[in-house]
Amino acid sequence: MSALFVNRLSFLAGVILIGAGVTSAAAAETAGQFNVSETRVRVVQRETAKFIETKGLDGYSDDEVYDHVTAAITAAGVRCRLRPSVPLITIDACKTNAEERAEKAVAETYPPLDMEKVKAKAAEAYPMVAAGDQVTFIFMPNPARETTVTGTFNEYDGVNVVVDGRNYPRPSVTFTTPKAADLMTLIDPALNQKKRDEFAARETQTLLYNQSSLRDSKRRQFMREEVDKAIAENQANGYVFHQKKWRTLKDIVTDEIATRKAAWLKEKHRREAIAKRQAEIEAAKAEAEKQRALAETIGQEGLPGTEKPAGGASEKADKEKKPDTKPAKDSVFGTFQPHSDDD
C-alpha cells in the first residue's frame with residue numbers, strides 16, 4: 001500500500017487529489033498542517049550539525065553519534081517515538097473511508113427508486129382510455145364548427161375514435177377528460193407504453209445524476225476531512241512528513257547523520273589532501289635549496305677529496321712534460337757550422 005501523499009504535496013499538500021478541485025488557499029492551509037513534521041526535521045538537522053561541528057566524528061562510532069543526537073533532540077523538545085508503534089494511515093485508507101461515508105450520505109439522501117411508485121407516476125403522467133371509460137372531448141370537423149361530446153369510449157380503430165358507436169375522425173378530436181398533451185398517448189397502447197417507459201427512464205436518469213453529483217461533492221468533502229485527520233494522527237503517532245513522504249523519526253536522524261558525515265569526511269579528505277600537497281611543496285623547496293647550496297659549495301671549493309695544485313709545482317710539471325730542443329753540449333750538431341761558397 002503506497003505511502004500517504006507521495007509526490008502530491010504541491011496539490012493540497014499532495015493529498016487532496018481525487019478530482020477534488022480545491023483552491024490554492026485550501027492547499028496552503030493543509031500544507032501548514034505539516035508544521036509539526038517540519039519542526040522535528042529542523043531540530044534533527046540543527047542538533048546533528050551542532051554535534052559534528054563541536055565534537056567532530058573522529059573517535060565516535062555511528063551508534064555513539066546516533067545516541068548523542070537522539071538525546072539532544074529529546075532535550076530540545078521533540079517528544080515522539082523514534083519508531084511509531086501504530087501503522088501509518090495511508091492515502092488508500094483515507095480514500096476508502098471517504099468512499100464509504102459518501103455512499104452512506106448518497107443512500108440517505110437519494111435512496112434507490114421504488115419502481116412501483118415510478119410506474120404509478122408514469123401512469124398518472126400518461127393516462128390511457130379503455131373501452132367503457134367515460135370521456136369528454138371537443139369535436140371540430142372544421143374551424144367553423146366545434147362540438148363538445150361526452151360519452152362512452154368504445155375503441156380506436158386506427159382511423160376513428162369510436163364513442164357511443166359513432167366514428168369521430170382522430171384529427172378532429174381533442175380530449176378534455178382525461179386530458180393529455182398528445183391524444184395518441186390516450187388511445188394508442190403501444191405509444192402509451194413507450195411514453196411511460198421513457199418517463200421511468202428519465203426518473204432513473206435524474207436519480208443517477210443526483211446521486212453522482214452528491215457522491216462527488218461528499219467524496220471531496222470527506223476526503224479532505226480524512227486527510228486532515230490522517231495528517232494529525234500520523235504526526236501524533238510519531239511519523240514525520242519529509243521530502244514528500246512519511247518517514248519515522250529514526251530514519252530522519254539516521255539519514256541526517258549519514259548526510260552530515262559524508263560532508264564532514266569530504267571536507268576532512270580535502271583538508272588532508274591540501275596539507276599533504278603543502279608538505280610535498282615544502283619538501284621540494286627544501287630539496288631544491290639543498291641542491292643549490294651543494295652546487296654553490298662545489299663551485300667555490302672543487303670536488304670533495306681533491307686538492308688544487310700550487311702554481312710553482314704546476315709550472316715545473318709543465319716543463320718536465322715539454323721536450324728540450326736545444327742541442328746538448330759537445331753534440332755534433334752544436335759544433336757543426338755550415339760552409340759558405342767562399343770557403
Side-chain angles (χ1 to χ4, degrees), residues 1-52 62-63 65-102 104-105 217-262:
M1 193 174 286
S2 61
L4 185 58
F5 321 133
V6 174
N7 297 325
R8 302 286 185 170
L9 186 58
S10 61
F11 188 64
L12 190 59
V15 188
I16 312 300
L17 43 102
I18 319 251
V22 297
T23 64
S24 57
E29 180 181 353
T30 301
Q33 293 178 325
F34 293 108
N35 288 339
V36 172
S37 290
E38 293 170 359
T39 298
R40 290 171 178 171
V41 172
R42 284 197 299 269
V43 172
V44 169
Q45 293 173 339
R46 184 189 69 212
E47 296 302 326
T48 304
K50 184 187 299 183
F51 175 83
I52 294 176
D62 290 347
D63 288 341
V65 176
Y66 177 81
D67 291 341
H68 279 289
V69 172
T70 52
I73 64 176
T74 299
V78 177
R79 310 291 183 185
C80 73
R81 292 174 175 269
L82 292 170
R83 287 182 175 178
S85 59
V86 297
L88 177 74
I89 302 175
T90 65
I91 185 64
D92 291 334
C94 291
K95 182 179 178 181
T96 298
N97 293 339
E99 292 279 358
E100 291 176 353
R101 294 175 62 189
K104 182 178 180 180
S217 175
K218 289 298 183 181
R219 186 180 292 158
R220 290 191 294 269
Q221 173 190 341
F222 294 145
M223 188 65 179
R224 285 191 292 268
E225 294 175 2
E226 290 295 328
V227 166
D228 290 345
K229 179 181 177 183
I231 292 173
E233 290 191 8
N234 281 341
Q235 292 182 136
N237 291 334
Y239 291 98
V240 179
F241 191 72
H242 182 52
Q243 296 178 340
K244 299 183 180 181
K245 61 182 178 181
W246 287 105
R247 312 177 72 191
T248 68
L249 188 61
K250 178 181 174 66
D251 290 337
I252 299 295
V253 173
T254 302
D255 288 355
E256 186 63 23
I257 290 173
T259 299
R260 297 280 181 175
K261 182 177 180 179

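One is the number of the first residue; the rest follow in order along the sequence. Only heavy atoms go into these numbers, but all of them, side chains included; no hydrogens, no water, no symmetry mates.
Contact of the Val240 side chain with the Val41 side chain is registered, since non-hydrogen atoms from C-beta on lie closer than 4.5 Å. Looking at heavy atoms from C-beta onward, Phe34 lies in side-chain contact with Ile231 at the 4.5 angstrom threshold. At a threshold of 4.5 Å between non-hydrogen side-chain atoms, the residues Ser37 and Trp246 count as touching. Here the side chains of Asp62 and Lys261 are in contact, with some heavy-atom distance below 4.5 Å.
Between the Asn35 side chain and the Gly32 main chain, a donor and an acceptor come within less than 3.5 Å of each other. A donor-acceptor pair under 3.5 Å links the side-chain atoms of Arg40 to the main chain of Gln235, judged by distance alone. Checked by atom type and distance alone, the side chain of Asn234 pairs as donor or acceptor with a backbone atom of Ile89 at under 3.5 Å.
Rounding to the nearest 0.5 angstrom, the gap separating the NZ atom in Lys245 from the CG atom in Asp251 is 8.5 Å. Interatomic distance, OG1 of Thr96 versus CZ of Arg101, reported as 13.0 Å (0.5 Å rounding). Put simply, CZ on Arg219 and CD on Glu99 are 4.0 Å apart, with the number rounded to the nearest 0.5 Å. Taking CG of Asp92 as the start and CG of Asn97 as the end, the distance is 11.0 Å to the nearest 0.5 Å. A distance of 9.0 Å separates CG in Asn237 from CG in Leu88, rounded to the nearest 0.5 Å. Here the CZ atom belonging to Phe241 is positioned 9.5 Å from the CD atom belonging to Glu38, to the nearest 0.5 angstrom.
Ring-plane geometry between His68 and Phe51 is classed as parallel, the angle between the planes falling under 30 degrees on a 0 to 90 degree scale with a further cut at 60.
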Audit row: Ile252, Gln243, side-chain contact (heavy atoms from CB on, under 4.5 Å) steps and yes/no: CA-CA 10 Å; Ile252 299 295; Gln243 296 178 340; over 6 Å; no
Would you be so kind as to tabulate the donor-acceptor pairs closer than 3.5 Å made by side chains of residues 70-82, with sequence neighbours excluded?
residue: Thr70; atom: OG1; partner: Tyr66; partner atom: O; Å: 2.9
residue: Thr70; atom: OG1; partner: Asp67; partner atom: O; Å: 3.0
residue: Thr74; atom: OG1; partner: Thr70; partner atom: O; Å: 2.9
residue: Arg79; atom: NH1; partner: Thr74; partner atom: O; Å: 3.4

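Lys229 and Glu226 are not joined by a salt bridge, as no carboxylate oxygen comes within less than 4.0 angstrom of a charged side-chain nitrogen.
The side chain to side chain donor-acceptor pair (under 3.5 Å) test applied to Arg260 returns Glu256, not counting sequence neighbours.
In plain terms, the two heavy atoms of Phe222 and Ala105 that are nearest each other are CE1-CB, 4.4 Å.
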